[in-house]
Amino acid sequence: KTDDALKVETDTNAEQLQEALKTATPSVPVTAVRVISLTEFQVDGVPPASDQQFRQIAQATVGTSFDREPGTEGSSTFRMKPNIARDRRTEAVKQALLTIEKRVNEFGVSEPVVAPYGTAGDQIVVQLPGVTDVARAKAIIRSTARLEIKLVEGEAPDEPSLLAAHQGKVPDDMEVVPGSGARDGSKSFYLVRKVAAVTGNDLSNAKITQDELGLPAVGFTLKSGGVTKFSKVTGENVGRQLAIILDGLVQSAPRIESRISQADARITGTFTQAEAQHLALILKSGALPASLTYQEQREVGATLGEDSVRAGVT
């Protein structure tokens, strides 16, 4: 589903522009930054006095990927450039091919085939000789495994309580993410920053490990760029919580005790041994840039293989 890649590009650029406007000197106040379609987002309420500064920041932040169309009363619509949209779709398929190939190699299949298929440009064929657990293979291939680490602004047992301090509305630069559930069965909701401090792209490795209670957990190692980002965000926010979010669910939200400048970290949660193993494998092989849907599945049995060999010899 290459539309997913376009949506991520639009969401990310909208969030980056919003953050750039807020942190500029002086900051540029706007009424709202909202995504209006797969490839468009809109900024409203730019004061006339800040218009020139806004245009400069917008060009520097999102100008390479988006064209700006000025509107009325300080609004602007940003539209993804056609060549960027085309490139993102192509890149999504290429990245999916590489990611799936890494996953089936980790899965221990001998001589797998992962290749583009058809003429539409968005199909992939996967051939796995000798695989008996087809359901597990399919689950590993299609897991998106989107990992994000975000600053927590609030935590509550339900959404109304969480948003009570914000007049029942989610602030523009934040989002509500549900928790995956604690071991005692209780659930929490988290208000977190939209812009992630660290993402799955910053990971260099992942492996199964244990938490303090000896229960299954997943350890991961950050690339040097990820360590720099992680060190900065933890150093500036000692005492606050960091939410570890996997595929839209908060797995854990540890409190930052001090600046963390090492490369190794850990995800704890209510994992079984098999779930932790599965998660480590897909994090290690990278997140899929777009979700997958299965269109067709065929299984060739050993007897059919024997018949083919006999027919070939004959």
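Keep in mind that what you see is a predicted model, and the values were worked out from it rather than measured. Keep in mind that the numbers below use all heavy atoms, side chains included, and drop hydrogens, waters and symmetry copies.
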Has the side chain of [X] got a donor or acceptor atom that lies under 3.5 Å from a matching backbone atom of [Y]?
X      : Y      : answer
Lys102 : Leu97  : no
Thr209 : Ala217 : no
Arg79  : Glu40  : no
Asp158 : Ser161 : yes
Asn205 : Thr221 : no
Gln95  : Ala92  : no

To the closest 0.5 Å, what do you measure between [atom1] ([X]) and [atom2] ([Y])?
X      : Y      : atom1 : atom2 : result
Arg193 : Glu148 : CZ    : CD    : 14.5 Å
Gln251 : Leu147 : CD    : CG    : 9.5 Å
Thr234 : Ile260 : OG1   : CD1   : 5.0 Å
Arg146 : Asp4   : CZ    : CG    : 9.5 Å
Asp67  : Ser76  : CG    : OG    : 12.0 Å
Gln18  : Asn13  : CD    : CG    : 12.5 Å

Glu299 side chain to Gln297 side chain, donor-acceptor N/O pair below 3.5 angstrom: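 Yes, because at least one side-chain N or O of Glu299 sits under 3.5 Å from a partner of the opposite role on Gln297.
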
Do the non-hydrogen side-chain atoms of [X] and [Y] ever get within less than 4.5 Å of each other?
X      : Y      : result
Pro178 : Leu249 : yes
Ile100 : Leu292 : yes
Lys187 : Pro157 : no
Lys22  : Ser27  : no
Pro70  : Arg55  : no
Ser143 : Arg103 : yes
Leu163 : Val170 : yes
Ser75  : Gln42  : yes

Among the clusters formed by ILVMFWY side chains lying less than 4.5 Å apart, do [X] and [Y] turn up in the same one?
X      : Y      : value
Ile208 : Leu215 : no
Ile149 : Phe189 : no
Leu151 : Val227 : yes
Leu288 : Val93  : yes
Leu203 : Ile244 : yes

Contacts of Asp202 that satisfy side-chain contact (heavy atoms from CB on, under 4.5 Å) - sequence neighbours left out: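 In terms of side-chain contact (heavy atoms from CB on, under 4.5 Å), with neighbours along the sequence ignored, Asp202 is linked to Val198, Thr199, Leu222, Lys229.
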
How close do [X] and [Y] get, heavy atom to heavy atom, and via which atoms?
X      : Y     : answer
Ala290 : Ala5  : CB-N, 4.4 Å
Gln53  : Pro26 : NE2-O, 2.7 Å
Ala20  : Thr61 : CB-OG1, 3.7 Å

Candidate pair Lys194 and Asp172, rule salt bridge (Lys or Arg N to Asp or Glu O under 4.0 Å), full reasoning: CA-CA 8 Å; Lys194 261 189 185 176; Asp172 287 341; over 6 Å; no

Presence of salt bridge, [Y] and [X], under 4.0 angstrom:
X      : Y      : result
Glu175 : Lys150 : yes
Arg255 : Glu257 : no
Lys7   : Asp3   : no
Arg266 : Glu212 : yes
Lys94  : Glu91  : no
Arg298 : Glu296 : yes

Verdict with reasoning, Leu242 to Phe230, per side chain to side chain contact (heavy atoms under 4.5 Å, CB included): CA-CA 10 Å; Leu242 264 184; Phe230 203 45; 3.6 Å; yes

Would you mind listing the cluster partners of [X]? Hydrophobic ones only (ILVMFWY), side-chain contacts under 4.5 Å, chaining allowed.
X      : answer
Leu98  : none
Val152 : Val177, Tyr190, Val192, Ile245, Val250
Val62  : Leu6, Leu17, Leu21, Val28, Val30, Val33, Val35, Phe41, Val43, Val46, Phe54, Ile57, Phe66, Phe78, Met80, Ile84

Cation-pi geometry met for Lys207 and Phe220 (6.0 Å, 45°):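 No cation-pi geometry.
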
Gln262, CD: over 12 other non-hydrogen atoms inside 6.0 angstrom: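 Yes, CD of Gln262 has more than 12 neighbouring heavy atoms, counting only those of other groups under 6.0 Å.
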
Side chain to side chain donor-acceptor pair (under 3.5 Å) between Asp87 and Thr90, worked out: CA-CA 5 Å; Asp87 288 350; Thr90 306; 5.4 Å; no

Verdict with reasoning, Arg310 to Asp307, per salt bridge (Lys or Arg N to Asp or Glu O under 4.0 Å): CA-CA 5 Å; Arg310 197 175 299 114; Asp307 291 347; 3.1 Å; yes

Full working for side chain to side chain donor-acceptor pair (under 3.5 Å) between Ser231 and Arg259: CA-CA 6 Å; Ser231 175; Arg259 180 191 292 274; 3.2 Å; yes

Pairing residues for Lys232 by the side-chain hydrogen bond (donor to acceptor under 3.5 Å, both in side chains) criterion, not counting sequence neighbours: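 Scan of Lys232 (side-chain hydrogen bond (donor to acceptor under 3.5 Å, both in side chains), adjacent residues dropped) gives Glu236.
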
Show me the side-chain donor-acceptor pairs of residues 107-136 shorter than 3.5 Å, one per line, residues at least two apart or across chains.
from   : atom 1 : to     : atom 2 : distance (Å)
Gln123 : NE2    : Gln295 : OE1    : 2.5
Asp133 : OD1    : Arg136 : N      : 3.2

